[in-house]
Amino acid sequence: MTTITKIGIQGIRSFDHETMEIIEFERPVTLIVGPNGSGKTTIIECLKMASAGLLPPGARNGHGFVHDPQVARLPEVKGQIKMLFPREEEPAQRTGRSAPPAPFSSRTSAWAGACGRSTRRWRAC
Ligand SMILES: Nc1ncnc2c1ncn2[C@@H]1O[C@H](COP(=O)(O)OP(=O)(O)OP(=O)(O)O)[C@@H](O)[C@H]1O
């Protein structure tokens, strides 16, 4: 069974576009609790995007999923999702995608991620 250690979210819906927020998952189970509009669904949608490459229903090329550029007062906002998962059965190795930010660095972990902009298609990163 694959488990997820952490997810990093930046510039997605209400998540800040300047800093990556890191959520650590606990074993054996993690409960996501918070007030309405605090971002619970966004975390789940980010897990889906990073693991399966699927945007939420109705999110055209990231519109409505990436943090709103009007809220950020910028012409364009970049969204980024990083997901860290342990590789227990293979030699320590990081999968080849873009270099992760420091908080995620680990020799016994593998990375998957997705990047996109408010006006562009999403890609692995
Ligand atoms: N494109 C966007 N840019 C900035 N903020 C956004 C964007 N889309 C949604 N939001 C904000 O994100 C929040 C919605 O987050 P989310 O639906 O993940 O919350 P939730 O905790 O699941 O809420 P609920 O408990 O009501 O289901 C709201 O505060 C909304 O205003």
Side-chain angles (χ1 to χ4, degrees):
M1 184 178 74
T2 300
T3 57
I4 300 165
T5 308
K6 298 178 185 180
I7 189 168
I9 304 173
Q10 181 173 352
I12 306 294
R13 289 196 180 139
S14 58
F15 282 78
D16 186 49
H17 62 286
E18 292 182 320
T19 52
M20 180 167 278
E21 189 151 343
I22 296 162
I23 297 146
E24 295 192 33
F25 297 100
E26 304 286 336
R27 284 179 178 238
V29 69
T30 298
L31 298 179
I32 301 173
V33 181
N36 293 133
S38 60
K40 303 180 293 293
T41 304
T42 304
I43 295 168
I44 302 301
E45 295 288 6
C46 286
L47 286 167
K48 189 170 78 170
M49 179 65 200
S51 58
L54 297 173
L55 283 167
R60 294 166 291 108
N61 288 347
H63 279 290
F65 189 51
V66 174
H67 185 72
D68 189 343
Q70 287 190 324
V71 174
R73 299 186 181 188
L74 291 170
E76 186 181 65
V77 168
K78 293 179 188 174
Q80 186 171 207
I81 306 161
K82 294 277 187 185
M83 194 168 69
L84 185 72
F85 54 96
R87 302 184 68 167
E88 292 162 355
E89 295 162 13
E90 298 177 34
Q93 186 181 338
R94 195 183 295 152
T95 49
R97 309 231 178 170
S98 71
F104 281 110
S105 296
S106 170
R107 291 189 173 191
T108 56
S109 306
W111 269 93
C115 298
R117 299 181 183 191
S118 52
T119 55
R120 289 203 185 162
R121 292 183 67 82
W122 284 69
R123 61 179 175 80
C125 63

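Counting convention: from 1, in listed order, for ligands and their atoms alike. Please read all numbers here as calculations on a predicted model, not as lab measurements.
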As a test of reading the model: which N/O atoms of the protein lie under 3.5 Å from N/O atoms of ligand 1, and at what distance?
| residue | atom | partner | partner atom | Å |
| --- | --- | --- | --- | --- |
| ligand 1 | 1 (N) | V66 | O | 3.1 |
| ligand 1 | 3 (N) | R13 | O | 3.4 |
| ligand 1 | 3 (N) | D68 | N | 2.8 |
| ligand 1 | 5 (N) | R13 | O | 3.4 |
| ligand 1 | 18 (O) | T41 | N | 3.3 |
| ligand 1 | 18 (O) | T42 | N | 2.8 |
| ligand 1 | 18 (O) | T42 | OG1 | 2.6 |
| ligand 1 | 19 (O) | G39 | N | 3.1 |
| ligand 1 | 21 (O) | S38 | N | 3.3 |
| ligand 1 | 21 (O) | G39 | N | 3.1 |
| ligand 1 | 21 (O) | K40 | N | 3.0 |
| ligand 1 | 21 (O) | K40 | NZ | 2.8 |
| ligand 1 | 22 (O) | T41 | N | 2.8 |
| ligand 1 | 22 (O) | T41 | OG1 | 2.6 |
| ligand 1 | 23 (O) | G37 | N | 2.8 |
| ligand 1 | 25 (O) | N36 | ND2 | 3.0 |
| ligand 1 | 25 (O) | K40 | NZ | 2.7 |
| ligand 1 | 26 (O) | N36 | ND2 | 3.2 |
| ligand 1 | 29 (O) | G37 | O | 3.1 |

Query raised in the report: Distance from T5 atom OG1 to M83 atom CE, nearest 0.5 Å?
Result: 10.0 Å
Report task. For a side-chain contact (heavy atoms from CB on, under 4.5 Å) with E45, tell me which candidate from T42, T41, I43 qualifies. Result -> T41
Determine whether a donor-acceptor pair (N or O, by modelled atom type, separation under 3.5 Å) exists between the side chain of [X] and the backbone of [Y].
X: K40; Y: G34; result: yes
X: H67; Y: I12; result: no
X: Q10; Y: H17; result: yes

Report summary line: Tightest non-hydrogen contact, residues T3 and F85, listed as O-CB, 3.2 Å
